[in-house]
Amino acid sequence: MTLQETLSQKVKEAISDLYQATLETVEFQATRKDFEGDITVVVFPMLRVVKGNPVAIGEAIGAYLVKHVTPVINFNVVKGFLNIVLSDGYYLDFFGTTNNWNTFGTLPSGNDAMMVEYASPNTNKPLHLGHVRNVLLGYSVAQIVKASGKKVYKTQIINDRGIHICKSMLAWQRYGGGETPESSGKKGDKLVGDYYVRFDVVYKKEVADLVAQGVPEENAKKEAPILMQAHEMLLKWEAGDQDVVTLWETMNGWVYQGFDKTYADIGVDFDKNYYESNTYLLGKEFIAEGLAAGVFVKDPDGSLWCDLTDEGLDRKIVLRADGTAVYMTQDIGTAIQRVKDYPDISGMIYTVGNEQDYHFQVLFLILKKLGFEWAKNLFHLSYGMVDLPGGKMKSREGTVVDADDLIKDMTATACSISEALGKIDDFTKQEKETLYKTIGLGALKYYILKVDPKKRILFNPEESVDFQGNTGPFIQYTYARIQSILRKAETPKGASNSHILVLHPKEKEVLKTLQLFPETIQLAALNYSPALIANYTYDLVKEFNSFYQNVPIFAAENPAEKAFRIALCSAVGAVIKTAFSLLGIQVPARM
RNA sequence: GGCCUAGUAGUUCAACUGGAUAGAAUAUCAGAUUUCGGCUCUGACGGUUGGAGGUUCGAAUCCUCUCUAGGUCACCA
């Protein structure tokens, strides 16, 4: 039983003994810094069952707790807040009984499995800053959910078919002159993306020409010859035309090579990929079943709809009049396919931008109507857009922040800062490059993950990302400093004889923060929020730095204190490392 | 227009989901190393939580109205 559970029980007992009343729940909160105490019981809610002065009630409960709960040694009451003071022994006991700090706070994976989807790229252009937020969020949530005791499958859905990829294919056919990633040395996704842009340039020119010839703009946009050709190509693809399919496979292959490189650079991976070209057919099957079961209705023109007006939503199309699939069709198919492939999953998390909030609301509802038990455990991890100072990113207008460029820039910044400090002059070139990437990516990832997913991010490439204050590198620096202490400490002695110690207030604060780690992981998993982990880590590091600055370690008064403080450093280092791994961020031994 | 989301120090973010005097960072200013890494630490300055009502012991948080920004209401994905 945790201390909080014990306290909760004893407070209820106190209310029962002293006032002959029954209390349902006890409300706790961390004691504010300006008051003495370690944990606080809020008295106000009790006034519903106990009539009286909150201060007097607080005093009575406090006295009861001191008498009946060993770790409680003192208390004070301010207004309706009962601040409880815990003994040093309690914290030392917590520290001493934790035997593996490397796994502290995490639980082994159980049988309950979740699937986490992130990335979902189109195959016609490279990944950009928006994808970066998506990928970082999804990967981190997967790590957090896993650490909270669930089994996790990481996946992406690749939008590999449709008019967009035909545009790139057509432009490549016309203007590519046989260019390949090998022949030009270009990254595959960049190469394909260039032809997507090329298509748009030609298309715009054709539209302008038509308008100049007197064709109304709306018609011109539909009738531009190059666009009509792209549509033809799509029809050929759907008909299985050998040449088109071969070209499609080749160019998608280039893109995947490029994506793999970017994912590897960012440091994320997947257990399984899904492709829309494979799942839309399964979707159609279940649409047919749904029609038979009365979940869907057929319009006179042959299109199929789901009527959600009773739920306060609109009618939603699930199959076109010509029988071809829409977005919803294949998403239904993909979801069902996943559960077929991994029967142990009880739920799925979709990391997708908030412009698709409505789509997922409808998707989940339809899956419920189709009678899938797991449909109630689907969650749309919706996140805000990443905007630039000039507004939205638009790939065709060249205002996107490219993912590869971004990583390169962050690494370069980390390099110039590290060079200036000159603490790693003895590193090899290889070691330096690894370190710069660790720091650069650490800054970027922390910067993005520390904000609540729902909020939009304004990304200013000029000011870029901070390296000081509440940042990744600040935390990495603290970790490196801890490692330096541990190297100098030689044989790290255990904290076995720590019971004799009286804690320094700074030590107590650090221990208090350490103790919060397990519940922080659970809370973050429950809320799918890496930001909670980021903020926790920052708190821990701040407490540690304050301790480090104010309490001598090697110059401690006696060997037991010294051993304990070194052990405390080691524990904090281990927790920082674990916490950062949940954010997908690495920590350096030196920097 | 209907629906959804966000609005908190100059700026970037918090606030344990209704609790104490709304906290950090950054910027600005003032301090700290005979000590283990100064990318550190200790302070100061900075707020009508977009606005107006309401609910109650208590509101940044819940309700109503309103303003601002964005998203969404496709036989696009």
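Letters A, B, ... mirror the listed sequences (proteins, then strands); counts begin at 1.
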Original post:
Going 5' to 3' along nucleotides 36-44 of chain B, which nucleotides have protein heavy atoms under 4.0 Å from the base (write B), which only from the sugar-phosphate (write S), and which from neither (write -)?
Top reply: BBSBBSS--
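For B:C3, the paired base is B:G71 (Watson-Crick or G-U wobble, both distances below 3.5 Å). The partner of B:C62, taking Watson-Crick or G-U wobble pairs whose two distances both stay under 3.5 Å, is B:G54. Base-pair partner of B:A14: not found among the strands shown (Watson-Crick or G-U wobble, both distances under 3.5 Å). A 3.5 Å limit on both hydrogen-bonding distances identifies no Watson-Crick or G-U partner for B:A20. Nucleotide B:U28 is matched to B:A44 when pairs are restricted to Watson-Crick or G-U wobble geometry with both distances under 3.5 angstrom. Judged by Watson-Crick or G-U wobble contacts below 3.5 Å, the nucleotide B:G37 has no partner.
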Review item, side-chain donor-acceptor pairs of residues 471-480 of chain A, under 3.5 Å, at least two apart:
residue	atom	partner	partner atom	Å
A:Thr471	OG1	A:Phe467	O	3.3
A:Thr471	OG1	A:Phe474	N	3.3
A:Gln476	NE2	A:Thr438	O	3.2
A:Gln476	NE2	A:Gln586	O	2.9
A:Thr478	OG1	A:Phe474	O	3.1
A:Thr478	OG1	A:Asn545	ND2	3.3

Donor-acceptor list for residues 37-51 of chain A side chains, cut-off 3.5 Å, not counting sequence neighbours:
residue	atom	partner	partner atom	Å
A:Asp38	OD1	A:Lys512	NZ	3.1
A:Asp38	OD2	A:Leu86	N	2.7
A:Asp38	OD2	A:Lys508	NZ	3.3
A:Thr40	OG1	A:Thr31	OG1	2.7
A:Thr40	OG1	A:Asn83	OD1	2.7
A:Lys51	NZ	A:Leu47	O	3.4

Distances under 3.5 Å between protein N/O atoms and the N/O atoms of nucleotides 5-7 of chain B, please, pair by pair.
residue	atom	partner	partner atom	Å
B:G7	OP1	A:Lys455	NZ	3.0

Heteroatom pairs (N/O) under 3.5 angstrom, protein to nucleotides 18-20 of chain B:
residue	atom	partner	partner atom	Å
B:G19	O2'	A:Gln29	NE2	2.9
B:G19	N7	A:Glu27	OE2	3.3
B:A20	OP2	A:Arg32	NH1	3.4
B:A20	N6	A:Thr40	OG1	3.1
B:A20	N6	A:Asn83	OD1	3.1
B:A20	N1	A:Asn83	OD1	3.3

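A donor-acceptor pair shorter than 3.5 Å can be found between the side chains of A:Tyr383 and A:Asn134.
Between the C1' atoms of B:C29 and B:A52, the separation comes to 38 Å (whole Å). Comparing the C1' positions of B:A6 and B:A14 gives an interatomic distance of 16 Å, to the nearest angstrom. B:A15 and B:A9: their C1' atoms are spaced 14 Å apart (whole Å). Separating the P atom of B:A60 from that of B:U48 is a span of 13 Å, rounded to the nearest Å. For the C1' atoms, the distance linking B:U28 with B:C73 amounts to 48 Å, nearest Å. Rounded to whole Å, the C1' atom of B:A25 lies 15 Å from the corresponding atom of B:C41. Between B:A24 and B:C63, the distance separating the two C1' atoms is 31 Å to the nearest Å. When the P atom is used for both B:U40 and B:C45, the distance is 22 Å, rounded to whole Å.
For the side-chain hydrogen bond (donor to acceptor under 3.5 Å, both in side chains) test, no residue two or more places apart in sequence or in another chain qualifies with A:Arg133. Legend: residues meeting ring pair (Phe, Tyr, Trp, His ring centres under 6.0 Å) with A:Phe296, ordered by chain and number and at least two apart, are absent. By the ring pair (Phe, Tyr, Trp, His ring centres under 6.0 Å) test, A:Tyr548 pairs with no residue at all, sequence neighbours left out. The side-chain hydrogen bond (donor to acceptor under 3.5 Å, both in side chains) test applied to A:Tyr436 returns A:Glu419, not counting sequence neighbours.
Every pair tested for salt bridge (charged side-chain N to carboxylate O under 4.0 Å, His left out) that includes a residue from residues 544-559 of chain A fails, sequence neighbours excluded, so the list is empty. Sorted by first and then second residue, the salt bridge (charged side-chain N to carboxylate O under 4.0 Å, His left out) pairs with a member in residues 535-548 of chain A read A:Lys33-A:Glu543; sequence neighbours excluded. Note on residues 514-538 of chain A: pairs passing side chain to side chain donor-acceptor pair (under 3.5 Å), not counting sequence neighbours, are A:Tyr90-A:Gln515.
B:A77 atom P lies 19 Å from atom CD of A:Gln156, rounded to whole Å. Here B:G71 presents its P atom at 19 Å from CD of A:Gln361, a figure rounded to the nearest Å. Going from atom CG of A:Asp466 over to atom P of B:A27 covers 8 Å, rounded to whole Å. Put simply, CG on A:Leu313 is 13 Å from P on B:A74, counting in whole angstrom units. For the pair A:Ile332 CD1 and B:A77 P, the computed distance is 13 Å after rounding to whole Å.
Within a 6.0 Å radius of NZ in A:Lys562, no more than 12 heavy atoms belonging to other residues, nucleotides or ligands are found.
In this structure, the side chains of A:Phe554 and A:Arg565 stay at 4.5 Å or more apart for every pair of heavy atoms.
Base engagement by A:Asn527 is indicated by at least one non-hydrogen atom pair under 4.0 Å involving a base atom.
Checking the phosphate oxygens (OP1, OP2) of B:A74, no side-chain nitrogen or oxygen of A:Arg315 falls inside 4.0 Å.
The aromatic rings of A:Phe364 and A:Tyr350 sit tilted, their planes meeting at an angle between 30° and 60°.
The 5' end of RNA chain B is approached more closely, in terms of each residue's nearest nucleotide, by A:Phe28 than by the other of A:Phe28 and A:Tyr358.
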